[in-house]
Amino acid sequence: RATAPRARCRRAGLRSCRHRVLVVRRGLLGGTAALEGLAVDLGSYHFTRDSIIAFARKYDPQPFHLSEEEGSRGPFGGLSASGWHTAAGWMKCYVKANDAARAKLEAAGNVLPELGPGPGFTNLKWLKPVYPGDTLRYSCRVTGKRDLASKPKWGIVFSMNEGINQKGELVYSFEGKVLTARLPSP
């Protein structure tokens with residue numbers, strides 16, 4: 001019988017749902033039960049006019065990202081954030097959530113796996129424009145795991161990742177992968 005993810009997290013020593021990100025990685029590989037379906041709130045990122053323009057100047061200098069006037073003539077009817085800016089906001093929140101969870105778990109004496117890079121992502125979607133004043137709340141839900149035959153000490157954790165604006169609209173999503181070292185079986 002499968003155990004609910006929250007109950008498994010409580011048994012792992014976590015009292016708060018917001019600090020479960022690395023328990024997912026700790027529990028997914030190395031012979032322990034997978035926490036598939038576990039959803040983690042990564043936090044939020046607020047987009048301002050100035051941050052949208054500054055990001056666009058450096059990384060995506062399309063006219064509708066650079067000025068309100070050009071944005072009003074563009075496909076989104078106003079100044080809008082680069083899709084890569086929304087992706088960078090997700091990464092900032094993801095790293096911050098992981099760092100906080102890792103610190104909490106290490107302080108409690110938990111053994112954590114080495115984390116590797118992400119070998120790629122699929123199905124990246126920018127579903128709605130992000131405008132100045134929008135705040136996106138990002139989340140990550142574990143969808144699976146796979147051991148690597150070519151690297152027996154490593155596995156891949158799969159996730160569905162989303163950004164939802166203050167109106168409750170899904171504006172950004174992708175399916176992610178991250179390499180995670182296996183922990184020895186207990």
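The closest side-chain heavy-atom distance from Val171 to Thr86 is not below 4.5 Å. In this structure, Ser173 and Asn123 have side chains that are not in contact, with every pair of non-hydrogen atoms separated by 4.5 Å or more. Leu179 places a side-chain heavy atom less than 4.5 Å from the side chain of Pro117. Between Asn165 and Val130, every side-chain heavy-atom pair lies at or beyond the 4.5 Å cut-off.
Phe64 pairs by the ring pair (Phe, Tyr, Trp, His ring centres under 6.0 Å) definition with Phe76, not counting sequence neighbours. For Ser159, the side chain to side chain contact (heavy atoms under 4.5 Å, CB included) partners at least two apart in sequence or on another chain are Cys140, Asn161.
What you find for Ser82 and Asp60 is that their closest heavy atoms are OG-OD2, 2.7 Å. Minimum heavy-atom separation, Asp134 to Pro129: OD2-O, 4.1 Å. In plain terms, the two heavy atoms of Phe121 and Gly176 that are nearest each other are CB-CA, 4.3 Å. Contact between Ala97 and Leu42 at its shortest, heavy atoms only, is CB-CD2, 3.9 Å. Scanning all heavy atoms of the two residues, the minimum distance from Ser44 to Thr135 falls at CB-CG2, 3.8 Å.
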request  = Take Glu68 and Arg49, measure what salt bridge (Lys or Arg N to Asp or Glu O under 4.0 Å) needs, and give me the verdict at the end.
outcome  = CA-CA 9 Å; Glu68 289 151 346; Arg49 175 191 174 281; 3.0 Å; yes

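Between the OH atom in Tyr172 and the CD atom in Glu162 there is a gap of 11.0 Å [rounded to 0.5 Å]. Atoms CG and CZ, from Leu148 and Arg182 in turn, are 9.5 Å apart once rounded to the nearest 0.5 Å. Distance CD/Gln166 to CG/Leu136: 7.5 Å, rounded to 0.5 Å. We find the OG-CD1 distance between Ser67 and Ile52 to be 12.0 Å, quoted to the nearest 0.5 Å. Arg141 contributes atom CZ, which lies 9.0 Å from atom CD of Glu175 (distance to the nearest 0.5 angstrom).
No continuous path of hydrophobic side-chain contacts links Val40 to Ile164 [ILVMFWY only; heavy atoms under 4.5 Å]. Put simply, Trp126 and Tyr45 are part of the same group of oily side chains (I, L, V, M, F, W, Y) that touch within less than 4.5 Å, one to the next. Leu127 and Met160 fall into different hydrophobic clusters, where Ile, Leu, Val, Met, Phe, Trp and Tyr side chains are chained together by heavy-atom contacts under 4.5 Å. Tyr138 is connected to Met91 through a chain of hydrophobic side-chain contacts under 4.5 Å among Ile, Leu, Val, Met, Phe, Trp and Tyr, so both are in one cluster. Residues Trp90 and Trp84 are members of one and the same hydrophobic cluster, defined by side-chain heavy-atom contacts under 4.5 angstrom among Ile, Leu, Val, Met, Phe, Trp and Tyr.
Around atom NZ of Lys177, more than 12 heavy atoms belonging to other residues, nucleotides or ligands sit under 6.0 Å away.
A parallel orientation is assigned to the rings of His85 and Phe55, their planes being inclined by less than 30° (bins at 30° and 60°).
With hydrogens and angles left out, the side-chain atoms of His65 and Tyr59 include no donor and acceptor closer than 3.5 Å.
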